[in-house]
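In what follows, a structure is listed as structure tokens, so that the remarks can point back to it.
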Amino acid sequence: MGTEPHAKHCVDCIRSMLLCGIRWLTKAGAGGIFRNALFDIILQIQGLMMDAADKAGPAGNSVTTREMANAIRALSMDAVEKANSGHPGMPMGMADVATVLFSRFLKFDPKHPKWPDRDRFILSAGHGSMLLYSVLHLTGYADMTLDELKHFRQWGSKTAGHPEYGHATGIETTTGPLGQGLANSVGFALAERALNARFGDDLVNHRTYVIAGDGCLMEGISQEAISLAGHLKLSKLIVLWDHNSITIDGSTTLSTSDDQLARFRASGWAADEVDGHDPEAVAKAIAAAQKNDRPTLIACKTVIGFGAPTKAGTSATHGSPLGKDEIAGARKKLDWPYPPFEVPAPIRDAWSKVGARGGADYDAWTKRHDANAKKADFDRVMSGELPENFAATVNDLKNAIAAEAPKIATRQSSQKVLEALVPALPELLGGSADLTGSNNTKVKAAVPVKPGEYGGNYIYYGIREHGMAAAMNGLALHGGFIPFGGTFLCFTDYCRPAIRLSALMHQRVIYVMTHDSIGLGEDGPTHQPVEHLAALRAIPNLLVFRPCDTMETAECWALALTAKDQPSIIVLTRQPLPLLRADAAVANHCARGGYVIRPAEGTRKVTLMATGSEVEIAVAAREKLQAEGIGAAVVSLPSWELFEQQPESYRKEVLGDGVRIAIEAAGGFGWDRYLGDKGAFIGMKGFGASAPIDELYKHFGITTDAAVAAAKARL
Ligand SMILES: Cc1ncc(C[n+]2csc(CCOP(=O)(O)OP(=O)(O)O)c2C)c(N)n1
Ligand SMILES: [Mg+2]
């Protein structure tokens, strides 16, 4: 009896020595007979220890964790080889960690992949997609067939180069742009807590696990993400770092000396380091993380390309097929004598049992769900459907706007709209990147989310625009929320990679971007967007709205909220604008993207096209032209994307066939499509400047007189 603690102590000692050995070897870099031999010895000892510790296997049969992990390794290297393209190193290195996570901890049920209370698994190091595809296949996700693995990276397959949300079940988010998944996971973990606060443990009580690589942790976005997660004490977020000390260029010592554990701890995380090839150590660390009251980083010291006889531990395994000989060698080394894509029955069975683990939990959850008094509300917000009274709420609001005819900045119009919508839509989760008062995102019904208090509906994201945007993607992907968040339009540049992913993933994320032009005045060209509208309009599947008054702002908000599978940017002014439309007709004019807001009197000779604040200028120019007997119409174009979806006949009718003048306080890139042969653009030709608004508009020639002159010169 007395020998047991002693033996345990010995085992722990050997473990520590192995971890030191791997640390040293991964730092030492590639090559050398001595290094490879030492590697071999370490791996052999590790294997023996693992088999001894793992006799019964995680799934309660004789298959070991290492054998199950080898199935991931083999499928990954074979799929990459067949595709002649892909990244075998990461799946081979993290196979043991992933096996421990899925077989012993992750709450999931492949039969019910959309189970709202499942744990979320985020593969932030998306280049290791074959790890995810292999596990989804092995655990029995019906759509992840062996055939899909055989068609890795091929046209029409679900197994794209990087995991793409919507291609296959079990892919929780699109990853590949490094760091995004990690930052999404903050949104996932926050959504879980916020839903838990609303609906209780019976319906919502799950964790978010992430696999992140060196690259994810080097990206700047990781700092915003870990800082926010640490501040909010998102204790159910657990990050497994593939600490292999290798990136594409070689050893991480080429480019970083960060003490990652210290960095995470400094941001309020718990952090631990383990041998990523020692399942018991990994399991122990995850079990401890589950109990921690802070989010946890587990640095899993691994060998990239584990099992590859000459390339393991080197960047040669990162992003290229291993090659025939190396694969043959790996099969020997891993004791995997099976042909490509074949997984022997006992190992397959063990994985199937892992896939079946969550069934009972799922059944218990459905019973609790059925009996829950809040079931209908929960189901509605999870489905993403708006409440039944949504249209009526918007109509009441439009009537109130028409009656009041406010002359306010559209950022204030947006707040007015939110004052009406936030109380009606409990799924709205707002916020701003430290510009709450400027973005007008916080309404009377807003309650801040705080560390440990997640019942609120407003998030102080801090000065973390990129982190905010990526977290909003996570919130939307998790389900149960429609996130909106604000900053200045100019700083969409800081959010752009995440905005692009909102669009690619068809997520309803609403970006409230104020201070939309030189109209912001004195803050000057650093803050005045010029190229941003064009750059945003260039992103596919993104709705860019630039409303011209409070009525259009209400309509654009309604459109953004009803666009269930699209993100929207609502572009708003700092300066006040008059109400140009007092018709609260039930029809949403902005729904067509562009429309005639002022018809011509007499024959239309001129069409003045504008968006946002410049519609007012266009209306004034029309008055002058009409006064001179020149028939002129004004077209408001709040959303080019929606306008482009209209039938050609409608677009032609709106744009007219006379002289077309476009006015927008931004660069003209893109306007050519509407100008025709004789058209002219009035807007910015370079950066803005610091000065009062009126001077700026005059100086840059964005005036009524300029529009009138341009039109007359072309008649
Ligand atoms: C934002 C971004 N920059 C660059 C890349 C290209 N890239 C893909 S993987 C990678 C190296 C990542 O290193 P690591 O995370 O350590 O992965 P490992 O080599 O260990 O698999 C790079 C630079 C990318 N996918 N995303
Ligand atoms: Mg690495």
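Start at 1 and go down the list; that is how both ligands and their atoms are numbered.
For atom 12 (C) of ligand 1, the nearest protein heavy atom lies closer than 4.0 Å.
Using modelled atom types and a 3.5 Å distance limit, the side chains of S432 and N439 yield a donor-acceptor pair. Using modelled atom types, one finds a donor on one side chain and an acceptor on the other under 3.5 Å when comparing S245 with K301.
Heavy-atom proximity to M90, at under 4.0 Å, picks out these atoms of ligand 1: 21 (O). Close approach of ligand 1 to I304 (heavy-atom distance below 4.0 Å) involves ligand atoms 18 (P), 19 (O), 20 (O), 21 (O). Close approach of ligand 1 to I246 is summarised as follows: ligand atoms under 4.0 Å from at least one heavy atom of the residue are 14 (P), 16 (O), 18 (P), 19 (O), 20 (O).
Protein heavy atom nearest atom 17 (O) of ligand 1, with residue, atom name and distance: H127 NE2, 3.1 Å. For atom 22 (C) of ligand 1, the closest heavy atom belonging to the protein is I248 CD1, 3.4 Å. In this structure, atom 20 (O) of ligand 1 lies nearest to the protein heavy atom N244 ND2, 2.7 Å. When only non-hydrogen protein atoms are considered, atom 19 (O) of ligand 1 lies nearest to H318 ND1, 2.5 Å. With respect to atom 15 (O) of ligand 1, the closest heavy atom belonging to the protein is G215 N, 2.8 Å. Distance from atom 26 (N) of ligand 1 to its nearest protein heavy atom, with residue and atom name: L178 N, 3.1 Å.
With salt bridges taken as basic N to acidic carboxylate O contacts below 4.0 Å, one links D96 and R73. Remark: K236 engages E192 in a salt bridge, criterion side-chain N to carboxylate O under 4.0 Å. Ion pair K333/E326 not flagged as a salt bridge, since none of the NZ, NE, NH1 or NH2 atoms sits closer than 4.0 Å to an Asp/Glu carboxylate oxygen.
Tested against F121 for a ring-ring contact (aromatic ring centres under 6.0 Å, His included), the candidates Y209, F188, F102 yield a single pass: F102. Partner V210 forms a side chain to side chain contact (heavy atoms under 4.5 Å, CB included) with one of C216, S124, P295 and no other, that one being S124.
Using a 4.0 Å heavy-atom cutoff, P177 is listed among the residues neighbouring ligand 1. Assignment of G176 to the shell around ligand 1 is supported, since a heavy atom sits closer than 4.0 Å.
Of all protein N/O/S atoms, those lying under 2.8 Å from the Mg ion (ligand 2) come to 3.
Around atom CZ of F341, more than 12 heavy atoms belonging to other residues, nucleotides or ligands sit under 6.0 Å away.
Inclusion of D214 in the set of residues having an N or O under 3.5 Å from an N or O of ligand 1 is warranted.
When non-hydrogen atoms are compared, ligand 1 lies under 4.0 Å from the side chain of E219 (C-beta onward) but not from its backbone.
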